[in-house]
Amino acid sequence: MSMNGQAPADGVSYRLLRPLSRPLTGSFSVPGDKSLSHRALMLAAMGRGVSKVRGLLDSWDVRSTYSVLRELGAGFSGSWNELQIQGWGENRHVGPLVLDCGNSGTTMRLLAGVLAAGQGEYELVGDASLSRRPMQRIVQPLRHMGAVISCSANGTAPLSIESQPRLCPINWAMPIASAQVKSCILLAGAQSAGETTVSGDAGSRDHTERLLEALGVHAQRCGGKAVSLCGPAQWDGFSMSIPGDLSSAAYLATLALLVPDSDITINGVGLNPTRLGFFRLIKRMGADVTWQERGLELGEPFGDMRVRFSALRGIDVVPEEVPGCIDELIVLAVLAASADGETSVSGAGELRRKESNRITATVGELRRLGVDICEREDGWTVKGPTAWKSGRVDTHGDHRLEMSLAVAALACSSPRETVIENAVWSGVSWPGFWECLSSWCDTGTVWAHNDCLNL
Ligand code: S3P
């Protein structure tokens, strides 16, 4: 992987998978949490002095954050596994700079909040997928704060920012619950004088406010629906170990739930309640899943999770539950396809604005594997259990669809192989995903192909 976090060109690369022939058992771990890795790097760069962060996720997205912070003047030393970060203090580079955020929405949206204040001239750019994603949702509140920021005529990147020495605090009601929008506003608010409030949250991940609180910034929360903080805020360097990523754990858990006799423990995984939505939903489906907290890292709980093969039944996922499981909905559809009865998801229109149009892409690809799934504007309905077919599926350049399809292919009840085309994206959030998968499976279960297959 390149240091600047660029995903590979969209080339031909296939993975061929046969269903797992034995249960998944034993202890596993997953790489560091992506959301926390981005935030730890940004808060360290903005902080006074030196921070030490262990166990950062080494993925393309996090490398994008790392590279832009380095260009902005943050100092880095040590190894990726134990990185020391010298905050830029008064010496943030003023540019003009073009900062490449790669495929990463979190990098672009949070960074816009960081750079709105201070001094400098910046252009934030991204790859083709990121350049299609909506940016008005951060441009509007930042403008209300007095930021000088613009995006393209259709509301997308590139973003041009002329940092302002003084921003005004705001009281912003988000029309759509989004942790990225909330974090962007809070990071700008932390640099303006007075109280900034973000409401309309509906339970999206609360990492930014937790970390800021742990760093001594005075923040107030109103029942998971709104958060306020008082600026201007400053914090010192800190030390943190990043817990494992619950979103990655969801793939492993799904595999264990679907392959008979599986019984696994995932150690050292983040247990932030705003990220446990998927695991609460699968419990409702009948999954044998338990977790136990072992400690806190800068306000973030972590611990161990046990998952055992279980008979599952369909459920309804209602709009209020969506923000808590937004990244896990694709793999939930795979699970629902093997469950008994109907599972519906509604209020998830945001999925159309992720790395791919995740509603259309998921429905189309799961149908190719024999799943009875029906598309709606804001979600889908899956009727299980599925008589899985093997087939050829495509990732649509989306890491979460790629990993979900891999789980479906391994857990699939058809004995034949499934081919996943364009399977080069998992490194966005789980570097080494395919190597991990191969190591858990029998030899010959997971094959890589770089040439066209004629199956
Ligand atoms: C993220 C927030 C979510 C999520 C994304 C990571 C974050 O996006 O889908 O993968 O780290 O804040 P939204 O805030 O757009 O829902």
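Both counts, for ligands and for their atoms, begin at 1 and track the order of listing.
- Remark: the Asn272 side chain and the Glu300 side chain contain an N/O donor-acceptor pair separated by less than 3.5 Å.
- Of the protein's non-hydrogen atoms, the one nearest atom 10 (O) of ligand 1 is Asp327 OD2, 2.8 Å.
- Ranking the protein heavy atoms by distance from atom 12 (O) of ligand 1 puts Arg39 NH2, 2.6 Å first.
- With respect to atom 1 (C) of ligand 1, the closest heavy atom belonging to the protein is Gln180 NE2, 3.5 Å.
- By the 6.0 Å and 45° rule, Arg63 stacks over the aromatic ring of Trp80.
- Environment of CZ in Arg166: sparse, with no more than 12 heavy atoms of neighbouring residues, nucleotides or ligands closer than 6.0 Å.
- Between Cys151 and Gln136 there is a side-chain heavy-atom pair separated by less than 4.5 Å.
- In terms of polar-atom proximity, Lys34 is not counted as a contact of ligand 1, lacking any N or O under 3.5 Å from an N or O of the ligand.
- If you check the side chains of Arg205 and Thr274, you find no donor sitting under 3.5 Å from an acceptor.
- Polar contact check, Ala179 against ligand 1: a nitrogen or oxygen pair lies under 3.5 Å apart.
- Between His144 and Trp172, the closest side-chain pair of non-hydrogen atoms falls below 4.5 Å.
- Ring planes of Phe433 and Tyr251: perpendicular class, angle over 60° (limits at 30 and 60°).
- The residue His38 has no part lying near ligand 1, judged by heavy-atom distances below 4.0 Å.
- Looking from atom 14 (O) of ligand 1 to the surrounding protein, the closest heavy atom is Ser178 OG, 2.7 Å.
- Close approach to Ile326 involves these atoms of ligand 1, each under 4.0 Å from a residue heavy atom: 9 (O).
- Atom 16 (O) of ligand 1 has its closest protein heavy atom at Lys354 NZ, 3.3 Å.
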